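Here the structure comes first, spelled out in structure tokens, and everything after it is commentary.
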Amino acid sequence: MARLRHSGRRVSGLAIACLALSLLGGCREAELIAAQTTWQLDAINEKTVPDTDRATLRIPALGRLEGQAPCNRYSGTWVGVEDDFRTEGIASTRMACPAIDAEQVYLAALRRVTSATVTDDTLTLTGPGLTLRFSPLLRAG
């Protein structure tokens, strides 16, 4: 099977095909990628996130992610699909605010993500000992 490189990692031809289909609505990631939904963080490890500590996540284009952490804007890249979804190169602006501790927890968690699923208007990102649950805040129309 042919392999392609994206963000310095190998991605199988099947993964590329699924991502291409998702842009057309053919895979489960369609809501995550094609809809360009802005997702709002609801819970970390089943603990509800207070409104003051909420973060957002958006996938504006294939292989890119961005959002608003509790204090700062952030961006990065992602590779893979569903059970092999990883974030890379997460960087943020550096403004201080009262929720900076919550921001550090969120960004550290985002760096540990290894899978992504979208079901019933819920985006769930998981990793070792980690679950981030998001709901749609804004949908592109």
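From a predicted model like this one, the values you see are computed outputs, not experimental measurements. Throughout, residue positions are numbered sequentially from 1 according to the sequence presented.
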Apply side chain to side chain contact (heavy atoms under 4.5 Å, CB included) to L65 and Y74, showing your working. CA-CA 8 Å; L65 63 85; Y74 69 92; 3.7 Å; yes

Applying side chain to side chain contact (heavy atoms under 4.5 Å, CB included), run through W39 and L125 and close with a yes or a no. CA-CA 11 Å; W39 297 94; L125 302 178; over 6 Å; no

Check residues 126-138 and write down every donor-acceptor pair under 3.5 Å in which the side-chain atom is one partner and the other belongs to a residue at least two apart or another chain.
from, atom 1, to, atom 2, distance (Å)
T126, OG1, S115, OG, 2.3
S135, OG, D42, OD1, 3.3
S135, OG, D42, OD2, 2.8

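With T77 contributing its side chain and E88 its backbone, the two residues share a donor-acceptor pair below 3.5 Å. With R54 contributing its side chain and Q40 its backbone, the two residues share no donor-acceptor pair below 3.5 Å. No donor-acceptor distance shorter than 3.5 angstrom exists from the side chain of T56 to the backbone of T38, with no hydrogens or angles considered.
For the atom pair S92 OG and Q68 CD, the distance stands at 10.0 Å (nearest 0.5 Å). Atom CG of L123 is separated from atom OG1 of T37 by 9.0 Å, given to the nearest 0.5 angstrom. Remark: L57 CG to Y106 OH distance equals 4.5 Å, nearest 0.5 Å. Distance CG/L107 to CG/N72: 8.0 Å, rounded to 0.5 Å.
A55 approaches A69 most closely through the heavy-atom pair CB-CA, 3.9 Å. In plain terms, the two heavy atoms of A102 and D53 that are nearest each other are CB-CG, 3.4 Å. Between E103 and C71 the shortest heavy-atom distance is OE1-N, 2.6 Å.
One hydrophobic cluster holds both F85 and I44 under the rule that ILVMFWY side chains link at heavy-atom gaps under 4.5 Å.
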